[in-house]
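Since the structure comes first, as structure tokens, the remarks are kept for the end.
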Amino acid sequence: MKKSSTAKKSSAKSGTSKRWSQRVTRESDALDLKRGVFKLADPKKIAASLKRSAEHSSRRKSSAYRSALSMLTFYINRAGKTLPKTQRDRLQRAKTELKHQFGRD
């Protein structure tokens, strides 16, 4: 009987902690992101969407630029090795574009 209760605990724990980064991306306290923003094909559109979300957020604690860049970096870092090289390169270009759109060249 004890064995089944620990099995439930471990499965419940792994179910919530295994995808914590996905939950952060979806339910960020700082930004309300457009669904699928990181999967867009154009780095300029990714940057524009992040900029728009950051500027319209009333819950962020830092500047709009820092919030947008932090969310983009967080997504890249948490995806790790599972992120295809083409998508990683696209997101890196979106970082550069975000700097340009905020006038931080």
Side-chain angles (χ1 to χ4, degrees):
M1 187 156 147
K2 188 175 184 179
K3 192 174 185 179
S4 65
S5 66
T6 56
K8 286 182 182 180
K9 285 182 184 177
S10 65
S11 67
K13 182 179 179 186
S14 66
T16 56
S17 63
K18 189 174 182 181
R19 304 278 183 186
W20 68 269
S21 58
Q22 181 182 22
R23 184 177 45 81
V24 168
T25 304
R26 192 177 57 243
E27 301 170 8
S28 168
D29 285 336
L31 302 178
D32 292 322
L33 299 174
K34 178 182 167 187
R35 185 179 202 116
V37 66
F38 298 114
K39 303 225 188 269
L40 293 172
D42 185 7
K44 289 182 180 184
K45 288 183 180 181
I46 295 170
S49 180
L50 287 169
K51 182 180 183 204
R52 189 171 35 257
S53 295
E55 289 177 337
H56 287 93
S57 175
S58 60
R59 297 174 295 171
R60 62 182 161 79
K61 294 182 175 88
S62 61
S63 71
Y65 170 71
R66 285 184 63 187
S67 292
L69 188 61
S70 292
M71 187 56 78
L72 182 54
T73 302
F74 173 80
Y75 183 81
I76 293 168
N77 290 342
R78 294 318 307 166
K81 294 177 184 177
T82 63
L83 191 63
K85 183 176 179 355
T86 55
Q87 188 177 2
R88 180 180 302 278
D89 292 344
R90 185 180 313 122
L91 294 173
Q92 290 296 344
R93 287 192 310 271
K95 275 187 183 181
T96 304
E97 183 59 33
L98 193 61
K99 289 175 187 177
H100 176 71
Q101 289 186 15
F102 274 100
R104 305 257 181 143
D105 294 291

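The structure presented is a predicted model; accordingly, all values stated were derived computationally and were not measured.
Using a 4.5 Å heavy-atom cutoff, the side chains of K51 and E55 are in contact. The shortest side-chain heavy-atom distance between L50 and L33 falls under the 4.5 Å cut-off. Side-chain contact between Q101 and Y65 is absent, with no heavy-atom pair separated by less than 4.5 Å.
Taking each heavy atom of S53 and K34 in turn, the nearest pair found is OG-N, 4.3 Å. The shortest non-hydrogen separation linking S67 to S62 is OG-OG, 3.4 Å. Looking at every heavy atom in both residues, A64 comes nearest to A54 through O-CB, 3.3 Å.
Between the T82 side chain and the A79 main chain, a donor and an acceptor come within less than 3.5 Å of each other. Although no hydrogens or angles enter the test, the distance criterion places a donor-acceptor pair under 3.5 Å between the side chain of Q87 and the main chain of F38. Remark: side-chain polar atoms of S49 are not paired, donor with acceptor, to backbone N or O of K45 under 3.5 angstrom. Between the side chain of S70 and the backbone N or O of R66 there is at least one donor-acceptor pair closer than 3.5 Å.
Remark: K85 engages D89 in a salt bridge, criterion side-chain N to carboxylate O under 4.0 Å.
In this view, I76 and L72, R88, L91, Q92, K95 satisfy the side chain to side chain contact (heavy atoms under 4.5 Å, CB included) rule, not counting sequence neighbours.
Atom CZ of R104 sits about 5.0 Å away from atom OG of S63, to the nearest 0.5 Å. Note that CD1 of I46 is 9.5 Å distant from OH of Y75, once rounded to the nearest 0.5 Å.
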